[in-house]
Each structure stands twice: as C-alpha cells, then as structure tokens.
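Both ligands and their constituent atoms are indexed starting at 1 by order of listing.
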Amino acid sequence: MNLKYPFLDLGRVNEPYADELVAAAERVIRSGRYIGGPEVEAFERDLSSYTGAPFAIGVSNGLDALRLILRAYREMGVLNDGDEVIYPANTYIASVLAISDAGLTPVPVDIDERTMNIDTDLLEEAVTDRTRAIMTVHLYGRVSWDDTLVRVARRHGLKVIEDCAQALGARNLSAGFHESRYAGALGDAAGISFYPTKNVGALGDAGAVLTHDEELARTVRSLANYGSDRRYHNIYCGFNCRLDPIQAAMLRVKLPHINAENANRFARALAYRRTIDRQDVILPMMTNEVNDCVWHQYVIRVPADRRGSFMREMEKEGIGTDVHYAVPPHLQPCYATLAHGPLTVTERLADEIVSLPIGTGISVADAAEIGAVINRLDF
Ligand SMILES: *Cc1c(COP(=O)(O)O)cnc(C)c1O
C-alpha cells in the first residue's frame with residue numbers, strides 16, 4: 001500500500017545530502033583506501049569533538065559497539081563471567097544481546113512511566129553482590145541520566161555504559177545549560193549506532209564507541225581489529241568489527257547537520273503536542289529541566305485493546321505507524337530462562353505504545369495534519 005505519510009522514507013531523509021554523499025563516495029572509491037585510513041580517522045575526530053568524549057572508535061554497528069565495550073572490560077579484568085549488568089526492561093534487544101554475548105548476566109529493571117526509561121528509584125534494590133555495571137539506554141532519544149543513577153553507581157563501584165544508539169545530540173542539563181553534556185560523554189563508555197534509520201544514519205551499518213578511558217579505548221580498538229596491537233601480533237582473541245571508510249565518508253557529510261536534524265524532529269514533536277487532544281491518547285512528555293530528547297521516536301499510548309484498530313485506521317488514512325517495541329527483550333524466546341522481578345510498567349506499556357512518523361520524511365504541517373486525523377479517528 002502506498003501511504004501518503006509512510007512511517008519512514010529514508011530516500012527522502014537523505015535527498016538533501018545526495019550530491020554531497022555521491023561526491024564523498026567518489027572520493028573514497030578513487031582513494032584506494034577501503035579499510036581504515038584518513039576517512040575513518042577524520043570521522044572519529046569529528047565525533048569526539050562533537051560529543052566531548054576524548055576517544056571515539058568507529059566500529060561496524062551499534063550492537064558491536066556495546067559488545068566491544070563489555071568484552072574490553074572483560075579483557076581488562078573489570079568484568080568477569082556471570083557478573084550482573086542492570087539494564088532497562090524497555091529497550092531494543094541489542095542492549096541485552098551485548099550483555100549476554102560477553103558472558104554476563106542481564107538484569108532487567110522496570111521503567112518510569114513518564115520517561116519510558118529506566119526507573120532509577122528501583123536501581124538500589126536491583127544491586128546484588130554480583131552487580132558490576134549499569135547499561136542505561138537513552139530510548140526514543142531521551143537522555144536517561146540523573147543524580148540517583150550516578151549515586152548508586154558510585155556507591156557500589158559500578159561502571160555505567162550508555163546505549164546511545166537513539167540519542168546522539170541529546171544533552172543532560174543537570175549542571176546548567178552552559179555546562180550541558182552530550183549523551184555518549186556522560187558515563188564510562190557509550191555505544192552509538194548509525195543504522196540508516198537513526199538520527200544520523202549511514203548508508204548501511206555503522207557504529208562507534210565513545211569513552212574518556214584511554215585503556216578501554218585502546219582495548220576496544222584492538223578487539224575490533226582481530227585483537228591485534230600491531231600488525232600480525234594478537235594480544236586478544238578479537239573480532240573484525242571495523243567501520244568502513246565508505247560509511248565514515250557518508251557520516252562525515254551528515255554529522256555536521258545533526259543539531260539541525262534534531263531541531264527538525266523537535267519541531268514535529270511540538271506540532272504533535274500542540275495538535276493531538278483526546279482523552280484516550282497519551283502523549284510523550286516534552287523535555288524536562290534535566291534531560292532533553294532528540295525525538296528518535298515519537299511514541300504515544302492508546303488503550304491496549306484498541307491499538308490494532310488504531311494502527312489499521314491510521315493506515316486507511318494513509319499514515320504509517322510502528323511499535324517500538326511490541327515484545328520486550330525479557331519476553332523474547334531467546335531469554336525465556338532469564339531471571340527477573342516484576343516488570344509491570346514495561347509489560348503494560350508494550351501493549352499501548354505506537355510510534356508516529358517523525359523526522360524530515362514529513363513536514364511540520366504534515367505532523368499537524370496527522371495530529372488532526374488522530375483527533376477525529378474512529379478506532
Ligand atoms: C539500533 C539500536 C541498537 C543497535 O544498533 P545497530 O547499529 O542496529 O546494531 C542498540 N540499541 C538501541 C537502543 C538501538 O535503537
């Protein structure tokens with residue numbers, strides 16, 4: 001079905017950059033350097049200076065970024081077999097796969113209904129004598145960072161890893177506006193994804209690790225390159241998880257526009273907020289005084305028993321919707337044996353959430369029009 005407002009039209013998102021992307025691709029093709037080299041190094045410098053994280057390592061994708069961080073902590077002796085890593089129950093499964101892949105035990109914690117991110121008031125009771133790290137996820141582009149999280153991590157000596165896949169360019173403002181810090185530079189290490197649908201998307205898979213820890217940076221870089229510290233000398237049993245120069249070149253075109261892209265997303269979120277007005281539709285909170293949101297997704301809530309009908313009626317109106325995510329990781333077959341406490345908010349919201357189109361694939365006027373359709377929708 002050809003929708004008037006598809007949920008996401010990536011061709012349209014990349015259209016304004018098309019000429020520059022073609023020129024950058026041509027530059028790489030003619031350079032003769034197809035692994036590593038100046039494009040990757042330049043992009044790593046750009047990313048480090050944008051986020052304020054001293055070390056940026058380009059890698060193959062967002063999942064690998066998170067895997068490499070945890071594997072590196074294992075090589076460094078910071079994490080060991082069976083150590084527990086706390087993560088928010090409402091997340092994309094990649095956050096959890098990275099934890100279990102490293103031989104660690106994922107411990108899901110329920111979310112705060114307003115932010116849909118980890119409920120930091122539940123952290124203290126989730127800590128056991130095996131807990132070694134917290135993976136916080138800035139889901140839907142909203143920063144998940146507060147004093148409680150920092151306090152619990154400090155008290156128990158936990159590493160804090162940010163899953164920043166959806167939140168590049170979002171800031172934490174707890175130290176005041178002028179002292180604001182970008183997500184990705186808040187914790188001990190962060191994984192970023194440049195999957196094509198993300199706020200800054202490559203034209204294929206790509207990702208990055210950010211950190212201020214030089215030893216971690218060195219270990220990640222080595223692990224991503226067969227575990228070698230120099231040519232044909234392997235100190236770890238590593239992987240091949242490098243960022244391709246062709247994707248680095250695409251990202252060098254798009255990264256400078258990230259704040260403008262995020263501002264565009266905010267304008268559409270605001271149009272939804274100003275237009276949609278009905279009792280049975282709950283809108284996401286806007287930003288609060290501490291954490292901002294770069295609106296990777298605009299996630300509303302409708303009554304669970306009518307969500308299917310809502311999405312079908314929207315489609316009849318020519319509007320694409322999606323669900324992020326219909327089944328939380330702890331309810332996936334692959335985690336059937338994962339031990340966990342009650343995750344009632346996550347499970348309830350998983351049946352109510354619906355994502356609306358957001359980003360430059362639609363205009364602000366389109367968002368207002370979509371909002372008006374929702375107001376009169378019979379579902
Ligand atoms: C996209 C995403 C990932 C994984 O990134 P890939 O580049 O697709 O591997 C991890 N965590 C979250 C929250 C994501 O949205």
Using atom types as modelled, flag every donor-acceptor pair under 3.5 Å from a side chain in residues 246-260 to any protein atom, sequence neighbours excluded.
unit_1 : atom_1 : unit_2 : atom_2 : d
Gln247 : OE1    : Leu203 : N      : 3.0
Gln247 : NE2    : Leu203 : O      : 3.4
Arg252 : NH1    : Glu39  : OE1    : 3.0
Lys254 : NZ     : Asn14  : OD1    : 2.6
Lys254 : NZ     : Gly201 : O      : 3.0
Asn259 : OD1    : Tyr50  : OH     : 2.5

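- Contact check on Glu313 versus Arg376 returns no salt bridge, with no Lys/Arg side-chain nitrogen under 4.0 Å from an Asp/Glu carboxylate oxygen.
- The protein residues lying under 4.0 angstrom from ligand 1, judged by non-hydrogen atoms, are Asn61, Gly62, Leu63, Tyr92, Ala94, Val137, Asp163, Ala165, Gln166, Ser193, Tyr195, Lys198, Tyr325.
- Grouping Ile, Leu, Val, Met, Phe, Trp and Tyr by side-chain contacts under 4.5 Å, direct or through others, puts Leu123 with Ile86, Val107, Val109, Ile118, Leu122, Val127, Ile134, Val143, Trp145, Leu149, Val150, Val152, Leu158, Val160, Leu186.
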Given the rule in the salt bridge (Lys or Arg N to Asp or Glu O under 4.0 Å) test, do Arg218 and Asp229 qualify, once you have shown the distances and angles that lead to the verdict?
CA-CA 9 Å; Arg218 204 181 329 111; Asp229 57 346; over 6 Å; no

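- In summary, the side chains of Asn240 and Tyr226 do present a donor paired with an acceptor at a separation below 3.5 Å, with no hydrogens or angles considered.
- Side-chain heavy-atom separations under 4.5 angstrom define the hydrophobic clusters, and Leu343 shares its cluster with no other residue.
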